[in-house]
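Inspection log for the structure reproduced underneath, given as C-alpha cells.
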Amino acid sequence: MMKLSSWISVVFAGAAAGFWAWSAFVNVPVVRATFDGIADIELVGIALRKVSRLNMVAAACAFLSALLQAVSIYLTPS
C-alpha cells in the first residue's frame with residue numbers, strides 16, 4: 001500500500017510539473033493601445049483564464065502528491 005501511494009504521488013507530481021510547464025507556454029498577446037481603445041483585450045482575458053485553469057489543476061495535483069506522501073509516511077512502520 002505504501003509503495004503504491006508513493007508511486008501515485010510521483011504520478012501526481014509529474015502531472016503538476018507538466019501542467020505548470022504547459023501554463024508557461026500559453027501565448028498571451030500583447031495589449032496595444034489604439035485611437036479606438038485597447039486592442040486584443042478579449043484575447044488577453046482568454047489566455048489569462050487558460051493560464052489560471054492550468055495553474056489550478058497543477059496546484060491540485062501538487063496537493064494530492066503531498067497528501068499521498070504524508071499518508072505513505074504515516075503508514076510506514078517505525
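We number each residue from 1, following the sequence as shown. The figures that follow rest on heavy atoms only: side chains count, while hydrogens, waters and symmetry mates do not. All of these numbers come straight from a predicted model, not from anything done at the bench.
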Among pairs that include at least one residue of residues 38-53, which meet side-chain hydrogen bond (donor to acceptor under 3.5 Å, both in side chains), considering only residues two or more places apart or in two chains? Arg32-Asp40

In this structure, would Val51 and Val57 fall into the same cluster of hydrophobic residues linked by side-chain contacts under 4.5 Å? yes

Could you list all the salt bridge (charged side-chain N to carboxylate O under 4.0 Å, His left out) pairs where at least one residue sits in residues 58-78, not counting sequence neighbours? none

Scan the side chains in residues 61-74 for donor-acceptor partners under 3.5 Å anywhere in the protein, sequence neighbours excluded, and list what turns up.
unit_1: Ser65; atom_1: OG; unit_2: Ser9; atom_2: O; d: 3.0
unit_1: Ser65; atom_1: OG; unit_2: Ser9; atom_2: OG; d: 3.0
unit_1: Gln69; atom_1: NE2; unit_2: Ser9; atom_2: OG; d: 3.1
unit_1: Ser72; atom_1: OG; unit_2: Ser6; atom_2: OG; d: 3.2

Is there a side-chain contact between Ile8 and Phe12, using heavy atoms and a 4.5 Å cut-off? yes

Just grab all the salt bridge (charged side-chain N to carboxylate O under 4.0 Å, His left out) pairs involving residues 68-77, residues at least two apart or on different chains. none

Atom pairs and distances, side-chain donor-acceptor, residues 16-30, under 3.5 Å, sequence neighbours left out:
unit_1: Trp20; atom_1: NE1; unit_2: Asn55; atom_2: OD1; d: 3.1
unit_1: Ser23; atom_1: OG; unit_2: Trp20; atom_2: O; d: 2.8
unit_1: Ser23; atom_1: OG; unit_2: Asn55; atom_2: OD1; d: 3.1

